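Lettering of chains follows the sequences in order, A, B, ..., and the numbering in each one begins at 1. This one's a predicted model, so the numbers in the text were calculated from it and none came from an experiment. No hydrogens, no waters, no symmetry mates; every other heavy atom, side chains included, goes into these values.
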Number of protein chains: 2
Amino acid sequence: MDVSRLTSKGRATRARIVNAAAEQVRAHGLETLSLDAVGTATSTSRSQLFHYFPQGKRGLLRAVFEHEIAELTAAQEPALHDLSSRRSWEAWRDGLSVYYFTQGRWTCPLTALAAQVAATDEDLSAWLIAQSTTWRQTLATGVAAIQHRQQPNDQDEDLAATMICQIQGGLIMGRIDRSPESLRAVLRRILDWIPAQAA
Amino acid sequence: MDVSRLTSKGRATRARIVNAAAEQVRAHGLETLSLDAVGTATSTSRSQLFHYFPQGKRGLLRAVFEHEIAELTAAQEPALHDLSSRRSWEAWRDGLSVYYFTQGRWTCPLTALAAQVAATDEDLSAWLIAQSTTWRQTLATGVAAIQHRQQPNDQDEDLAATMICQIQGGLIMGRIDRSPESLRAVLRRILDWIPAQAA
DNA sequence: AACCTTTTGGATCGCGCAGTCCATTCTTGG
DNA sequence: CCAAGAATGGACTGCGCGATCCAAAAGGTT
């Protein structure tokens, strides 16, 4: 689907569909995401869906992921790209807190979904791996930076990976426990390894 | 299904079904778990499945969870119930490592599944919450114990929650990244907050 | 052996849902 | 204003799969 050759009306419809799908997924997960439901929610017909997402559900899902990850990234900016001070790390953490605890995002099953869908959609899998790698490397670079090192070493990379796992685990546990407490606990402690002050 | 009134043959068949289902789930996830596949794998007919699991897929899934969680718990014993020494914590961690890195358990989608299924199955949800609460409390008690305190305080509980999140996050990221590296990184650092020696 | 219970086979139903197709209506650029 | 392309409507198809049901075989008990 070449978005650029769409009418403005078309673009609006497409966006409406993506938003509704994202909302549905956020609220009820993928299992129950049906094209019918998206159609109903957006008052669009079957053919519109396949018009804007020729790959069908797969394509729609990909768009949802892109949409959500763009927002997740935005929530961490601009701190994410200058993690050389404690203050910046705190801004990063606070950005995440805001992101996850507003509009019920802590219940978002995207992580679980990603793991699930990636098993059957090679394209999506590759893209997700790239995303997670970038995120991990960015954090690892930050961990190195606050210790006045250019290149992250193995320890830095383990720490970055661990931090991401904490967050994702917090999301998963939140869905299992139906409580944001795990994620909150994680975010309270996520800077424990970050030096209080750049020496 | 009252297991106790089953013939030995019946118990064997039931066990065969649970094992096959667990294996399927471990290998391909829930999305693709079909009763047909389980039936084929175990050479059992439709009616047998519903004979041993009157709740159908739901019941089968519950049995799979019970089965897997029993094994996860066993893998952490006996350390899990005496976490008052560094040595014991290390044994605990090593038990987890063995558990997850043998028979490809790091690819196990049970966590993601749990989050998914819990949304639509109240019974299962309640049971899972109980399981995770127990686990968290046990770890929190251990965190307190190694610091010579009887009752865990808020910090101990945050730490316990964080440790669990790390592990679960490691599993999720492993599925996304198709690599056990995240889980390995987590397990390398998971004892970072545990004092080297009981003072 | 006779009787009852458990275990097994497998055909069949019904539903939900992704995806296809063709016809119709709107937009837009020349 | 008038084609050409874009956007929309909605019926229809096909299939996977969970669940039901009616029997029939096997096993165990007295």
Side-chain angles (χ1 to χ4, degrees), chain A residues 1-21 24-25 27-65 113 116-117 119-121 123-124, chain B residues 1-21 24-25 27-65 113 116-117 119-121 123-124:
Chain A
M1 181 85 256
D2 186 0
V3 179
S4 64
R5 85 189 314 181
L6 292 177
T7 303
S8 65
K9 190 181 179 187
R11 257 189 295 271
T13 302
R14 199 191 120 106
R16 240 169 64 235
I17 293 174
V18 173
N19 282 326
Q24 294 250 344
V25 168
H28 311 293
L30 170 66
E31 324 82 71
T32 60
L33 173 70
S34 77
L35 300 190
D36 283 335
V38 174
T40 302
T42 57
S43 304
T44 52
S45 65
R46 232 334 172 278
S47 60
Q48 280 169 286
L49 247 154
F50 281 84
H51 178 63
Y52 295 110
F53 304 93
Q55 314 271 13
K57 197 172 190 179
R58 228 162 125 252
L60 176 55
L61 215 55
R62 168 65 176 258
V64 168
F65 274 106
L113 267 191
Q116 194 179 123
V117 178
T120 55
D121 184 334
D123 282 354
L124 185 57
Chain B
M1 182 83 255
D2 185 0
V3 179
S4 65
R5 83 189 318 178
L6 292 177
T7 303
S8 65
K9 190 180 180 189
R11 257 191 295 272
T13 303
R14 200 191 119 104
R16 238 168 66 232
I17 294 173
V18 173
N19 281 326
Q24 295 250 341
V25 168
H28 311 293
L30 172 66
E31 326 82 73
T32 59
L33 172 69
S34 77
L35 300 191
D36 282 337
V38 174
T40 303
T42 57
S43 304
T44 53
S45 67
R46 232 338 170 274
S47 59
Q48 280 169 287
L49 246 155
F50 281 83
H51 177 65
Y52 295 109
F53 304 95
Q55 313 272 14
K57 198 174 188 177
R58 227 161 125 255
L60 176 56
L61 215 54
R62 167 69 175 257
V64 168
F65 274 105
L113 264 192
Q116 193 180 123
V117 177
T120 55
D121 183 336
D123 281 355
L124 185 58

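Rounded to an integer number of Å, the gap from NE2 of His28(B) to P of dC17(D) is 13 Å. Protein atom CZ of Arg11(B) is 16 Å distant from nucleotide atom P of dG27(D), rounded to whole Å. Atom NE2 in His51(A) sits roughly 13 Å away from atom P in dG5(D) (whole-Å rounding).
Under the 4.5 Å side-chain criterion, counting only non-hydrogen atoms from C-beta, Leu61(A) is in contact with Leu33(A). Side-chain atoms of Leu60(B) and Gln55(B), non-hydrogen and from C-beta on, never get closer than 4.5 Å to each other. By the 4.5 Å heavy-atom criterion applied to side chains, Tyr52(A) and Thr44(A) are not counted as neighbours.
At least one side-chain nitrogen or oxygen of Tyr52(A) sits closer than 4.0 Å to the OP1 or OP2 atom of dT8(D). Put simply, Gln48(A) has no side-chain N or O that comes within less than 4.0 Å of OP1 or OP2 on dA7(D). Contact annotation: Thr13(A) reaches the phosphate of dT8(D) (side-chain N/O to OP1 or OP2, under 4.0 Å).
A donor-acceptor pair under 3.5 Å is formed between the side chain of Ser34(A) and the backbone N or O of Ala37(A).
Under the rule for a side-chain hydrogen bond (donor to acceptor under 3.5 Å, both in side chains), the partners of Gln48(B) that lie at least two apart in sequence or sit in another chain are Ser45(B). Annotation: side-chain hydrogen bond (donor to acceptor under 3.5 Å, both in side chains) contacts of Arg16(B) (sequence neighbours excluded): none.
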Which parts of nucleotides 15-30 of chain C does protein reach within less than 4.0 Å, heavy atoms only, written one letter per nucleotide 5' to 3' as B for base, S for sugar-phosphate only and - for none?
-> ---BBBB----SSS--

